[in-house]
Amino acid sequence: GIQVEQSPPDLILQEGANSTLRCNFSDSVNNLQWFHQNPWGQLINLFYIPSGTKQNGRLSATTVATERYSLLYISSSQTTDSGVYFCAVEQWNDYKLSFGAGTTVTVRA
Amino acid sequence: EPEVTQTPSHQVTQMGQEVILRCVPISNHLYFYWYRQILGQKVEFLVSFYNNEISEKSEIFDDQFSVERPDGSNFTLKIRSTKLEDSAMYFCASSGTENYGYTFGSGTRLTVV
């Protein structure tokens, strides 16, 4: 099956700092999503982004499908941004999401 | 914004008991899924369901597990004879034919004691 690798595995930030999370995948995909798992365990959908760039407030994401990677940018980080960020992809004709291992982000006040 | 609803949010069960986890997918979605996340680990695919039948299942989804869509709105995961290692967060998800991706429910945290 497709391999999804996220880096870094852990990230510690000071409040107000910017950061970039990376997701590499091993094959062509028709769907890529970024999720934030909050301290209660809920998976919050951040972006549906199989290609191109999207922005939502302080978060933005870029997927370069031809080079098989996606980036999630967090700007002016806040303590509420803490949690685990997952990248998940779906291959053509596969009809399921495959998740990476996640990046654990800790934002300190 | 439409939501996927899961009940209960937490369940504690004795080892060997049967549990049923319930989900109400988004009403116009056609594809339904169950995923599992053991504490501290990645989210793993269990099963997908389309047109009233299983379309794919992982090797985790053995005879202990079953899924059902008993009516037009609910989608359930049954775990027979639960084991300690079934303790995990179980997520239901649904997707439609339009390209908006998958929507996940808030999860059911299952603890087997």
Side-chain angles (χ1 to χ4, degrees), chain A residues 1-7 9-10 21 23-26 28-52 54 56 61 63 65 70 72 83-106, chain B residues 1-6 8-11 23 26 29-51 53-61 67 87-111:
Chain A
I2 191 168
Q3 304 301 309
V4 183
E5 296 182 355
Q6 292 187 241
S7 60
D10 300 281
L21 284 58
C23 172
N24 292 332
F25 42 96
S26 60
S28 300
V29 299
N30 70 325
N31 177 13
L32 186 145
Q33 292 181 245
W34 283 97
F35 295 91
H36 175 217
Q37 187 165 41
N38 63 23
W40 297 270
Q42 298 171 327
L43 284 172
I44 310 300
N45 185 33
L46 298 176
F47 294 102
Y48 166 77
I49 187 165
S51 63
K54 290 186 178 179
N56 184 3
T63 297
S70 183
L72 178 69
V84 184
Y85 290 80
F86 288 104
C87 169
V89 302
E90 178 187 34
Q91 292 180 272
W92 293 95
N93 297 320
D94 195 16
Y95 307 110
K96 67 177 181 289
L97 282 180
S98 298
F99 281 75
T103 293
T104 301
V105 173
T106 304
Chain B
E1 188 173 329
E3 292 184 343
V4 174
T5 305
Q6 289 188 244
S9 56
H10 295 85
Q11 177 141 10
C23 170
I26 293 174
H29 281 183
L30 301 176
Y31 302 89
F32 315 117
Y33 312 86
W34 285 101
Y35 285 77
R36 181 182 81 174
Q37 185 185 31
I38 295 171
L39 186 63
Q41 298 186 20
K42 68 197 280 186
V43 180
E44 302 173 289
F45 169 77
L46 289 179
V47 65
S48 57
F49 193 87
Y50 171 72
N51 201 24
E53 61 183 22
I54 291 174
S55 51
E56 186 174 349
K57 57 184 181 180
S58 71
E59 56 189 28
I60 302 169
F61 193 90
V67 290
S87 296
M89 180 77 100
Y90 289 81
F91 292 103
C92 174
S94 68
S95 65
T97 54
E98 66 280 2
N99 292 327
Y100 295 130
Y102 293 56
T103 302
F104 280 74
S106 297
T108 293
R109 190 175 300 279
L110 177 66
T111 303

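Residue numbers begin at 1 in each chain, while the letters A, B, ... track the order of the sequences.
Taking OH of A:Y95 as the reference point, atom OH of B:Y33 lies at 9.0 Å (rounded to 0.5 Å). Considering CD of A:Q42 and CE of B:M89, their distance stands at 7.5 Å, rounded to 0.5 Å. One distance of note links CD of A:E90 with OG of B:S95; it measures 7.0 Å at 0.5 Å rounding.
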Review point. Would A:Q33 and B:F104 count as a side chain to side chain contact (heavy atoms under 4.5 Å, CB included) if you check the C-alpha gap in whole Å, the side-chain angles of each, and the deciding distance to 0.1 Å?
Key: CA-CA 12 Å; A:Q33 292 181 245; B:F104 280 74; 5.7 Å; no
Review point. Could you walk me through whether B:Y35 and A:L43 pass the side chain to side chain contact (heavy atoms under 4.5 Å, CB included) check?
Key: CA-CA 11 Å; B:Y35 285 77; A:L43 284 172; over 6 Å; no
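Legend: residues meeting salt bridge (charged side-chain N to carboxylate O under 4.0 Å, His left out) with B:E44, ordered by chain and number and at least two apart, are B:R36. With sequence neighbours excluded, no residue satisfies salt bridge (charged side-chain N to carboxylate O under 4.0 Å, His left out) with B:R109.
Both the backbone and the side chain of B:Y102 come within contact range of chain A, with heavy atoms under 4.5 Å apart. Of the two parts of B:S48, only the side chain, counted from C-beta on, holds a non-hydrogen atom closer than 4.5 Å to a non-hydrogen atom of chain A. Contacts between A:N38 and chain B at a heavy-atom distance below 4.5 Å are absent for every atom of the residue.
The candidate with the highest count of non-hydrogen atom pairs below 4.5 Å against chain A, out of B:F91, B:Y50, B:Y31, is B:F91.
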